[in-house]
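One structure is given here, and the rest of the page talks about it.
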Amino acid sequence: MVNNGNIISNQDADQTGREEKEAETTEEKEAETTEEKKVETTAEKEAETTEEKKVETTADELTQGTEESAEFKELYEQSLQSVQMGGVLTGKVVQINSDTVMVDVGWKTEGYIPARELRDDQGNVTVNVGDEIEILVDRRDQDGNLVLSRDKAAKIKIWDDVKLACEQNTPINGTIIERVKGGLSVDIGIPAFLPGSQVDIRPVRDLDRYVGQTFPFMVLKYDRKRNNVVLSRRTILENEREIEKRDTLQNIEEGKIVEGVIKNITDYGLFIDLGGIDGLLHVTDISWGRITRPSDHFSRGEKIRVKVLSFDREKERVALGLKQLTPNPWEIIKDKYPVHSIIEGRVVNLTDYGVFVELEPGVEGLIHVSEMFWTREIRHPSKVLSIGQKIQVMVLDINTETKRISLGLKQTTANPWESLKQKYPEGSIITGVIRNITNFGIFIGVEEGIDGLIHMSDISWKQRVKHPSELFKKGQTIEAMVLNIDVEHEKFSLGLKQIETNPWEEISVKYPSGSTVKGKVTNVTEFGIFVEIEEGIEGLVHISELSSRRVKSSAELFSLGDSVTAIVKNVDPKSRKIRLSIKDYEAGAEGHSVNQYINNKENIGSSLGKALADVKIIETKS
């Protein structure tokens, strides 16, 4: 049994030995395998390191040197992470080429932006190497390179800003680029629309004047899908005006001098923006002088200092004054500018009727066109004077109540009419040329700028003239007698008939009252007829003197050219009138006929009696 046990023991020992050997062999194999694995791992690591270095070299040429394997592994793992397409991130400019700009987007990964997105109007790239910019990862090109875009990143950011501005009611800046239908187009990074009603507080007629200007705007609404943004500038202005209004109402008071901006100009005054509230500067409070059109002196947007005359806090009405900032010059005007004094002024306005001259700020006088020249006639003052010209004038009259000053220009020179009276005494004969013919007379040139008038009534003693042009022509030279020179009214009266003897001085002798005259009817009127008894001498037969019968119309009995005989009733040499009567002539003629009939009857009776007597004598003798 011992032997058997020994045998078994030996067998076990052998088995154990074999197992041990196998174990050793396995260990050796495992050791070899482990060593091989170590070698393989080392090789793999070296391969990975080499690949990683290649990636690092491709991604960033500036990385140099050797780092620890753990750091390389971490960088490698990060570089393998995929960049999210469409994401917006911050990158650094690493290289600028002619057509692309290389940007490091992180994790040693680079992409490029087309250079055109980064050029200004002159074609220059607006970034430098090392600058950080926001970009959008757009896509990979066919070579697998990242294509970046700053424009798209900006648009995405702008939409975020638009959303934030709309939600938080905050302003966003933009530049008005052009006028479009219904309003204006605004560049806020993306196109936006500004309705015309939202441009200003008040309606705006000229929208073009806003083009090119930059303002803050409020976002009324937006629609990203439709790419639509609606802005308002009016809301901001209303908010600002409300704040200014509160401050102004707290500080404004009567008598205070304030500064404002001319907001609107009308014929009756100026509306001044005092800061959230408007005040009226009435035309009568602009100047101590007279201003008819405020628009000639002021312009919209102009700054102006004014005095608060009155303030109604409940109705928020403010009355302003400009002239009240200076003393009233009319209180001392008469002492400063005595009548007949000669002073210097500046022409400020030219009208058809005269010239307005400024003597000092707020004080103006008028030179009427009749007071400009003694003899010269002008169509319009602008022919001889101009705005801004300084001239010497004489003060003729001052009315402080109406604030009017009458000035004269001609009074600063010698009056030629004074010398005319001595040069052409009354009764003297002058020779002149007919310069003008009117229906009331003839103008004769006496001297340069001075004409004398021959009135219709002074053309002829006898001849009835309907119009001077029947006897005279313009440019004709004639002689005339000086009748009168009125220096004050500048009138030169001439006479043509006065050169001849007045025939009316002999008429009263030639045709005494009761004398009989014959003539022809020259005119038939409702009140009678005119009869020419000799050339140029006419007498009137009143309708009551036409006949002893009742006559309704002169035309019933007489016509033009009829020959008539009448009795002279009266002659007035001064008024050159002769009164005639046909009725008296007819009455006288009838009386003469009766007397003649009676005389004839008496003669016949005596002749008949004598004949009868003779008959009786003869019969007796028989």
Side-chain angles (χ1 to χ4, degrees), residues 81-93 100-101 103-107 109-121 125-127 131-142 145-201 203-204 207-208 210-240:
Q81 294 179 10
S82 61
V83 179
Q84 182 179 359
M85 294 296 173
V88 177
L89 46 83
T90 301
K92 181 182 290 186
V93 176
T100 59
V101 174
V103 179
D104 181 0
V105 296
W107 312 304
T109 302
E110 294 180 357
Y112 68 86
I113 301 175
R116 65 176 180 274
E117 290 190 13
L118 303 172
R119 296 187 187 276
D120 56 19
D121 294 338
V125 176
T126 58
V127 296
D131 290 351
E132 291 187 348
I133 58 175
E134 288 189 345
I135 50 88
L136 177 137
V137 180
D138 192 8
R139 66 184 189 280
R140 288 187 181 274
D141 61 13
Q142 58 185 4
N145 299 319
L146 287 178
V147 180
L148 311 175
S149 174
R150 190 173 72 167
D151 290 348
K152 293 182 179 180
K155 287 183 179 180
I156 291 176
K157 185 177 184 302
I158 288 169
W159 278 110
D160 293 339
D161 294 341
V162 168
K163 179 181 179 182
L164 187 65
C166 186
E167 292 175 350
Q168 298 184 359
N169 202 28
T170 56
I172 186 170
N173 291 328
T175 301
I176 297 174
I177 54 176
E178 64 177 341
R179 180 176 180 174
V180 295
K181 184 178 180 180
L184 298 166
S185 177
V186 184
D187 181 12
I188 58 172
I190 57 175
F193 177 63
L194 175 64
S197 61
Q198 298 296 323
V199 175
D200 206 331
I201 296 175
V204 178
L207 293 175
D208 292 327
Y210 291 94
V211 174
Q213 298 188 52
T214 301
F215 300 104
F217 301 95
M218 299 299 291
V219 179
L220 296 182
K221 61 180 180 179
Y222 71 96
D223 188 337
R224 188 166 182 176
K225 292 181 179 179
R226 297 183 178 180
N227 200 31
N228 181 28
V229 180
V230 180
L231 305 176
S232 172
R233 178 171 173 262
R234 176 177 178 174
T235 304
I236 293 178
L237 295 177
E238 288 176 342
N239 293 336
E240 292 176 350

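Bear in mind the structure is a predicted one, so any value in this text is a computation, not a measurement. Numbering of residues begins at 1 and proceeds along the displayed sequence.
To the nearest 0.5 angstrom, Asp131 atom CG is 8.5 Å from Thr126 atom OG1. Distance check: Glu132 CD to Asp104 CG gives 10.0 Å after rounding to the nearest 0.5 Å. Taken to the nearest 0.5 Å, the OH atom of Tyr222 stands 11.5 Å off from the CD1 atom of Ile188. Here the OG1-CZ distance, from Thr100 to Arg116, works out to 11.0 Å after rounding to the nearest 0.5 Å. Between the CZ atom in Arg233 and the CD atom in Gln213 there is a gap of 7.5 Å [rounded to 0.5 Å]. Note that NZ of Lys92 is 12.0 Å distant from CD1 of Ile133, once rounded to the nearest 0.5 Å.
Under the 4.5 Å side-chain criterion, counting only non-hydrogen atoms from C-beta, Leu231 is not in contact with Gln198. The side-chain heavy atoms of Val230 and Val219, taken from C-beta on, include no pair separated by under 4.5 Å. Side-chain atoms of Leu220 and Phe193, non-hydrogen and from C-beta on, never get closer than 4.5 Å to each other.
Partners of Val204 according to the side-chain contact (heavy atoms from CB on, under 4.5 Å) rule, which considers only residues two or more places apart in sequence or in another chain, are Val199, Asp200, Leu207, Arg209, Tyr210.
For the salt bridge (charged side-chain N to carboxylate O under 4.0 Å, His left out) condition, the pairs that include at least one residue of residues 217-232, sequence neighbours left out, are Asp223-Arg226.
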Let's go through Val147 and Tyr112 carefully: what are the C-alpha distance in whole Å and the side-chain angles of both, what is the deciding distance for side chain to side chain contact (heavy atoms under 4.5 Å, CB included) to 0.1 Å, and is it a yes or a no? CA-CA 5 Å; Val147 180; Tyr112 68 86; 3.4 Å; yes

Report all side-chain donor-acceptor pairs from residues 165-180 shorter than 3.5 Å, counting only partners two or more places apart or in another chain.
from, atom 1, to, atom 2, distance (Å)
Thr175, OG1, Thr214, OG1, 2.8

